[in-house]
Amino acid sequence: MSEAGSGATLLEVRDLSVRFRTRDGVVQAVSNLSYTLRRGETLGIVGESGSGKSVSNLATMGLLNRSYTDITGEILFEGTDVLKLRQEQMRRIRGKDIAMIFQDPFASLHPMYRVGKQLAEAVLAHEDVSRDAAWNRAVELLEAVGIPNARARARDYPHQFSGGMRQRVMIAMALVHNPDVLIADEPTTALDVTVQAQILELIDRVKREFDCGVILITHDLGVVAETASHVLVMYAGRPMEYGPAQEIFTGAQHPYTWGLLESMPTVEKRLEILVPIEGSPPSLLHPPSGCPFHPRCKYRFEPCDGERPPLFRLPDGHLDACYLPPERKRELWTKRIGAELGVT
Amino acid sequence: MNGETLVEVQGLTKHFPVKQGVFARGKQVVHAVEDVSLTVRRGETLGIVGESGCGKSTTARLIVRLLEPTGGKVVFDGRDITHTSQRALRPVRQEMQMIFQDPYSSLNPRKSIGQIIAEPFKIHHTEKDARTRVRELLERVGLSPEHYNRYPHEFSGGQRQRIGVARALALQPKLIVCDEPVSALDVSVQAQILNLLKGLQREFHLTFVFISHDLSVIRQVSDRIAVMYLGRVVELADSELLYEHPRHPYTAALLSAVPKPETNGGGYGRRRIILGGDLPSPVDPPQACIFHTRCPRMKPGHCDVDAPQLRKFDGDHVAACHYPVEKWPISEDELRRRPGVETGVD
């Protein structure tokens with residue numbers, strides 16, 4: 001969808017850092033992360049395991065245990081900093097204004113309660129209505145997410161649903177209170193491709209019908225390209241590149257994003273050779289100096305291991321944390337990566 | 001050498017009994033693999049692709065005889081190994097190895113890397129100087145010989161998969177069956193392992209059976225591809241032929257469902273075929289064409305009555321469908337409107 005930047009700001013994350021104190025030392029899970037989510041937008045957060053993409057959203061949901069977690073920065077939800085809220089204030093927002101769906105829908109549903117009852121319970125958690133009304137609302141929601149024969153299926157238990165259907169139930173549960181922000185953490189990773197396609201379309205339809213903003217966390221650039229209006233690429237807890245999806249996919253700026261694009265096989269054609277990113281992601285106990293990607297970067301030069309690169313703003317409005325001069329990047333993109341992917 | 005048959009599978013079938021309650025009557029079985037026939041040629045990579053529960057992993061395990069087939073025949077390198085005893089199978093096992101999906105659970109956490117890779121030598125009493133061979137293997141898969149005395153938990157997912165590859169290579173097998181070898185890895189690391197496998201195949205003239213649910217990975221590695229649905233092969237073709245013009249509507253739906261990174265910046269403009277409904281239960285698979293319950297071009301009175309046989313198209317391309325896809329790409333509407341068949345008569 002290209003109504004980018006049209007809606008009101010829902011969520012604004014400013015300079016967020018999350019540190020875990022562990023027995024082995026301090027894990028720098030997220031560092032200096034900022035992004036904005038507007039109504040009607042889908043923000044795709046992409047990164048590999050350990051890139052901090054999930055942790056940043058657990059912080060938004062107030063789901064990190066503060067006794068061993070240090071969080072700095074601000075997470076403004078409609079102007080209020082959720083990091084400053086007390087538990088019971090947060091509870092009023094969580095699941096109501098900001099809802100979340102997870103990767104494994106089976107682990108998120110109670111196996112011994114009927115699906116309808118679990119949905120009705122979610123209704124009753126924030127609304128003062130009768131049990132019957134809550135049940136009816138549950139059935140309506142199951143219908144809204146495309147579960148056939150919803151009234152009967154509401155009486156079924158989670159194990160009687162397939163993986164895709166369970167994820168639909170989770171989406172229904174997230175929609176109980178017409179949330180403003182829907183956070184989907186790898187919602188299709190556990191699903192088969194044909195089911196994945198159904199769920200991605202459902203999330204997009206839900207976004208339009210319920211007029212909310214969606215944060216889609218994934219490791220799959222393909223999923224992001226299909227659904228997101230904005231993309232944030234994370235590596236080692238830091239933002240690498242951030243901007244409108246169009247700009248990122250037609251003119252990626254960061255060597256890490258290039259690496260991701262180059263190393264991915266595609267259904268379109270068989271590539272001569274896949275270009276992997278050599279090495280493996282750094283330990284967040286001892287992240288490298290300078291740009292966290294520099295030890296694996298093919299294009300590193302002398303400033304890369306010194307000062308951390310700031311986010312540079314590019315003429316097309318997208319942000320990028322890399323010291324390579326723009327002319328050099330344009331050259332590399334058009335000659336190599338973009339040309340190979342056919343998106344120059 | 002290339003082109004001749006290394007593995008031949010005929011009418012392979014595997015049924016698993018369903019656990020029954022005390023009062024249950026009758027025997028119910030899961031039809032995991034049903035009448036699968038295919039050949040694997042020397043030096044090639046045969047990809048098997050399908051969604052969860054389609055029987056691809058069971059097929060792989062049947063080929064290397066980790067499971068006993070219910071019916072059918074497996075011929076490996078000219079020998080019928082379908083009913084060979086475990087003892088007689090040992091020498092054959094040296095020539096076929098397996099790489100597993102989960103590099104975390106397929107390595108014994110209490111053994112050092114050296115011990116893990118030397119295990120095949122110990123079992124088959126083949127190598128006197130195992131230590132030197134293990135070091136060579138470590139080097140070949142991109143690990144350092146100094147890793148010999150380290151333990152699996154000290155390695156990342158990608159490195160562990162390299163250890164699994166080294167172990168599979170140890171006995172210089174002819175065939176390696178790779179069961180989702182890169183599914184648990186991040187993309188950047190996934191490419192490293194895929195390139196490693198490719199290089200090893202060239203160097204040692206290996207034959208691969210490569211199982212994956214990921215259509216992009218399968219395209220990248222395979223020479224020929226079998227598409228499975230509910231325990232059956234519904235389409236089998238050269239990789240290029242299959243992706244350029246899939247014939248079976250199920251393959252078409254699979255291909256159209258893959259999200260692609262190169263788009264014009266989001267949105268659902270693409271012609272995607274969305275399959276209705278859920279996968280039927282393999283305990284009670286549909287009659288006639290197994291795909292008819294979800295197929296957009298199902299014709300009542302034909303597809304639900306008469307089972308389609310594998311039919312030949314150009315080259316080696318075969319597909320089991322009465323109304324194969326006539327062009328590609330195709331939209332869902334076009335797929336429904338098949339030429340020569342009136343719609344809406346049901």
Side-chain angles (χ1 to χ4, degrees), chain A residues 1-2 42 44 48-50 148 161-165 188 191-198 200-201 204 219-229 244-250 256 259-271 273-281 296 341-343, chain B residues 49-54 142 155-159 182 184-196 198-199 213-222 239-240 243-244 250 253-270 272-279 294:
Chain A
M1 301 297 111
S2 53
T42 300
E48 300 180 273
S49 5
F161 286 76
S162 68
M165 285 295 160
T188 59
L191 306 176
D192 284 319
V193 271
T194 54
V195 184
Q196 165 171 298
Q198 297 169 359
L200 291 177
E201 294 221 354
D204 201 57
H219 66 282
D220 188 337
L221 277 170
V223 167
V224 165
E226 295 240 324
T227 52
S229 50
Q246 178 107 34
E247 263 82 64
I248 302 238
F249 284 98
T250 53
Y256 176 62
L260 286 179
L261 288 167
E262 281 186 303
S263 59
M264 255 197 339
T266 99
V267 284
E268 302 286 296
K269 59 169 189 267
R270 183 172 180 158
L271 304 168
I273 187 141
L274 296 172
V275 187
I277 305 175
E278 294 304 334
S280 39
R296 299 175 76 192
L341 299 168
V343 288
Chain B
V49 70
E51 300 183 282
S52 39
C54 74
F155 293 87
S156 67
Q159 287 173 313
V182 295
L185 307 174
D186 279 321
V187 269
S188 69
V189 181
Q190 171 179 308
Q192 295 173 8
I193 300 294
L194 292 177
N195 285 344
L196 172 69
K198 190 107 236 167
H213 69 282
D214 186 325
L215 288 138
S216 333
V217 168
I218 279 285
R219 171 160 217 184
Q220 187 61 29
V221 299
S222 311
S239 169
E240 289 309 303
Y243 282 81
E244 264 156 35
Y250 176 63
L254 271 185
L255 284 182
S256 77
V258 179
K260 300 182 184 70
E262 54 274 64
T263 68
N264 321 322
Y268 287 97
R270 229 162 25 78
R272 178 146 55 193
I273 305 159
I274 299 271
L275 288 180
D278 279 329
L279 196 69
R294 301 174 73 198

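Sequence lines set the chain letters: A, B, ... in the order given, protein chains first and strands last, and positions in each chain run from 1.
- At a 4.5 Å heavy-atom cutoff, the contact between B/Q192 and chain A is made by backbone and side-chain atoms alike.
- Remark: B/E244 pairs with no residue by the salt bridge (charged side-chain N to carboxylate O under 4.0 Å, His left out) rule, at least two apart or across chains.
- Contact of A/E48 with chain B is made through backbone and side chain together, with heavy-atom distances under 4.5 Å.
- Every residue two or more places apart in sequence or in another chain was checked for a side chain to side chain donor-acceptor pair (under 3.5 Å) with A/E247, and none qualifies.
- Between chain A and the residues B/S52, B/S239, B/S156, the largest count of heavy-atom pairs under 4.5 Å involves B/S52.
- B/Y243 contributes atom OH, which lies 10.0 Å from atom CZ of A/R270 (distance to the nearest 0.5 angstrom).
- Proximity to chain A (any heavy atom under 4.5 Å) is restricted, for B/L194, to the side chain, taken from C-beta onward.
- Proximity of a side-chain donor or acceptor of B/D214 to a complementary backbone N or O of B/S216 within less than 3.5 Å is detected.
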